[in-house]
Amino acid sequence: MGSKDRLDAIVERVGDVQTATLVKAVPEPHAFTYELKWDGYRILGVKAGAAVRLVSRKRQDYTKEMASVARDVATVDADECVLDGEVCALDERGVPSFQLLQNRTRRRSSLVYFVFDLLWLDGEDLRGRPIEERRKLLEQVVLGVNRKGSIVISSASEGDPRAILALACERGLEGIVAKRKGSTYSAGKKPTWLKVKCRARQEFAVIGYLPLMETRDAVGGLLLGVKDSPSGPLHYAGKVGTGFDEKTRVALAKMLEPDRVAQPVVKDVPRFDDIARHVKPRLVAEVEFTEWTEGGHIRHPSFQGLREDKTPDECVKEAPRESASPSTSTRAKKNEDRPEVLGVSISNPSRVLTPTGVTKLELARYYEAVGEHMLPHVKGRPLTLVRWAEGKETEKGGVYLRHAKAWGPDVLRRVKIREKTKLGEYLVADTVAALVGLAQMDILEIHTWSSRADDVEHPDRVVFDLDPAPDVPWKEVVRAAKLVRERLEALGLESWVKTTGGKGLHVLVPLVPEADWDECLGFTRAFAQMMVRDDPKRFVAAVPKHVRSGRILVDYLRNNRTNTSVAAYSTRARPKAPVSVPIAWDELTADLRSDAWNIHTVVDRLRRQRKDPWAGYFRARQRLPRAAR
DNA sequence: GGGGTTC
DNA sequence: GAACCCCAACGCCAC
DNA sequence: GTGGCG
Ligand SMILES: [Mn+2]
Ligand SMILES: [Mn+2]
């Protein structure tokens, strides 16, 4: 048999791929391994002798279109093999983009073939073997391939699916795929493969639009319709107003003009002050969104493109299967319990807090668990807090809260503090319940002043915040902290160190609250400048990024009045909810990392901890050296 | 998350 | 009642 | 005075 015939026979035999079932959460996290979900074309890379073919799910031949990938499949270390994976076009950030893949004819972008399975190897059908064996063989045959090539093994990992999902979403990926340990490969949609998406996405019938301006023919937003069941009628599903460029807005208006009708075709469309233009459903829009609202509409929609292969009639609501797990399933919000933690009622306890991957209830219980250790570091201090805002690219991210204004649970105390230009009302947490109250407010980071509310003008500590540039290795950060300690010691000051949950370290010097802010800032500024003078290759004291590469910023401005630093045992607003942790100096080694502990692992550390890593910190009675004052 | 406004 | 929209910091320092 | 930065 020639290689071409062999190839045909192999495709015939194993050409049907396995697909994943959409779920909201993975039911038995430990029974699965996790991979990132790549957004591209599902492609089998088939090789038989000298013949190579790239085959899509519908058996279309993509060998020519993806010639660079085909070339690399030819170099795989096997006579016959079938690779299963996803061919993607990467954008500038290295994130796969479906839109880019579709428009590739216009702008050349490089293709990457993320492979995750091996279905056939040298005459043997591997699909009956457990996934672990298939992966091992996959690595063996692909690892020999030129490392600069387009084939990349999609890595699999174990752990908390919500944390992995949070990481994937943070990177701008579509979601994750869970594969059951020990499972065989079986064509079609099977429960051994699950997918969890960051954002939902499906097709909607276009049932009208809102003009951008009364005067111009451009689409401001599309009105969308969807069916609840294949045989049911279309109903209103919301409107989508973002995701179009200017050209598309005009083009859509032109396409919709001939379809216009006087009255809405769908019953429950809002009136929109009668500016809405209704159309006979003909076009189908692909729309991404976060979730379905109680009222059957979509939240945070964004237009992805028109679907020419679908009709309005085929637009049926796709709901993910609920997970079987009671701990992570999303029950109807109305019926959801409101558990109490230390007397604080927690709303939406199972809501996952972006970008940590941790639920609100987990966060509340975390502060309950570490409260006894955390409170001495926080009690009495004015706070700055960080929440996470969803929404448009520009306004997504950490939101800093300083002033109490109307909000804030009653368990928190309020104090008025003079600022440079006005009077601000700050929150103070004096009890563990108050920390839980912050969790109820979705607070992901708790930052404290270096003075107490009852003596705001006299700091009771100074903080040396060591911020390494991205290219500084950890061992240099460790060296820097130890140097800070030594030099403080030479000035007669004892210091203590903590991780930050990020990349750097904090070195703290407790003080008798006598010196004022000017003196504390002056001392730390002089100290930082001395470090820079003595070793300008390692340290900077200036904030602008371009002067920092390869160096560590000795950020003395943490000690400016009204400035704060992240509190001991506060979580950070990052994937996996890392935590700032006080450590003993002899724990500060090359093996540690600043994000070594997270919301889960730090609780174990505290439970096992036999002696206080910060022994003596709260009893220290130190003053800044006379020369500095 | 909270508050105000709109439907 | 719910859906939608908007809001939620400050101050230093380099330029 | 503005903007980048923590
Ligand atoms: Mn820092
Ligand atoms: Mn800093």
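Reminder, nothing fancy here: chain letters follow the sequence lines and each chain counts from 1. Computed over heavy atoms, backbone and side chain alike; hydrogens, waters and symmetry mates excluded.
The backbone N or O of F303(A) lies less than 3.5 Å from no partner atom in the side chain of E288(A), so there is not a single donor-acceptor pair. Looking at R548(A), its side chain does come within 3.5 Å of a backbone N or O of V543(A) through a donor-acceptor pair. With hydrogens and angles disregarded, a donor-acceptor distance shorter than 3.5 Å links the side chain of D471(A) to the backbone of G550(A).
Out of dG6(D), dC4(C), dA8(C), the shortest distance to the side chain of L401(A) is found at dA8(C). Between dC5(C), dG6(D), dA8(C), one nucleotide has an atom nearer to the side chain of A389(A) than all others, and that is dA8(C). Distances were taken from every side-chain heavy atom of H297(A) (C-beta onward) to each of dC5(D), dC4(C), dA8(C); the shortest belongs to dC4(C). Closest to the side chain of L553(A), from the set dC5(C), dA8(C), dG6(D), is dG6(D).
The interatomic distance linking Y400(A) (OH) with dC5(D) (P) rounds to 14 Å, in whole Å. Put simply, CD on E419(A) is 15 Å from C1' on dC12(C), counting in whole angstrom units. Distance, E390(A) CD to dC5(C) C1': 16 Å, rounded to whole Å. Regarding H403(A), its NE2 atom lies at a distance of 11 Å from the P atom of dA8(C), rounded to whole Å. The distance from atom CH2 of W517(A) to atom P of dC10(C) is 16 Å, rounded to the nearest whole Å. Distance, Y426(A) OH to dA8(C) P: 14 Å, rounded to whole Å. Rounded to whole angstrom, the span from the NZ atom of K503(A) across to the C1' atom of dG6(D) amounts to 17 Å. Between the P atom of dA9(C) and the CG atom of L423(A) lies a distance of 14 Å, rounded to the nearest Å.
Applying the side chain to side chain contact (heavy atoms under 4.5 Å, CB included) criterion to P409(A), with sequence neighbours excluded, gives V411(A), L412(A), M441(A).
Using a 4.5 Å heavy-atom cutoff, the side chains of K239(A) and L210(A) are in contact.
The environment of K576(A) atom NZ is sparse: at most 12 non-hydrogen atoms of other residues, nucleotides or ligands sit within 6.0 angstrom. Around the CG atom of D454(A), the shell of radius 6.0 Å holds more than 12 heavy atoms that belong to other residues, nucleotides or ligands. Other residues, nucleotides and ligands contribute over 12 non-hydrogen atoms within 6.0 Å of the CZ atom of R260(A).
Taking the ring centroids of W614(A) and H373(A), they lie at or beyond the 6.0 Å cut-off.
When the C1' atom is used for both dC10(C) and dG2(B), the distance is 22 Å, rounded to whole Å. Taking atom C1' in both dA9(C) and dG4(D), the straight-line distance is 15 Å, to the nearest Å.
Applying a 4.0 Å cut-off to non-hydrogen atoms, none of the residues of residues 560-580 of chain A approaches DNA chain B. Using a 4.0 Å cut-off on heavy atoms, the residues of residues 438-474 of chain A that approach DNA chain B are Q440(A), M441(A), D442(A), listed by number.
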Protein and nucleotides 13-15 of chain C: nitrogen or oxygen contacts under 3.5 angstrom:
| unit_1 | atom_1 | unit_2 | atom_2 | d |
| --- | --- | --- | --- | --- |
| dC13(C) | OP1 | Y556(A) | OH | 3.2 |

Each nucleotide N or O in nucleotides 1-3 of chain D that has a protein N or O under 3.5 Å away: list the pair and distance.
none

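Close to dA9(C), at under 4.0 Å from its OP1 or OP2, lies no side-chain N or O of K420(A). Contact between the side-chain N/O atoms of R402(A) and the OP1/OP2 oxygens of dC7(C) is not found at any separation under 4.0 Å.
Pairs of residues two or more places apart, or lying in two chains, that qualify as ring-ring contact (aromatic ring centres under 6.0 Å, His included) and include a residue from residues 416-471 of chain A are H403(A)-Y426(A), Y426(A)-W449(A), F464(A)-F527(A).
Each of I552(A), D534(A), L466(A) was compared with F539(A) under the side-chain contact (heavy atoms from CB on, under 4.5 Å) criterion, and only I552(A) meets it.
Of the N and O atoms on the side chains of S565(A) and R558(A), not one donor lies less than 3.5 Å from an acceptor on the other residue. Using modelled atom types and a 3.5 Å distance limit, the side chains of S495(A) and R485(A) yield no donor-acceptor pair. With 3.5 Å as the limit, one finds a donor-acceptor pair spanning the side chains of Q440(A) and S347(A).
A salt bridge between K379(A) and D430(A) is absent, with no side-chain N of the basic residue lying under 4.0 Å from a carboxylate O of the acidic one.
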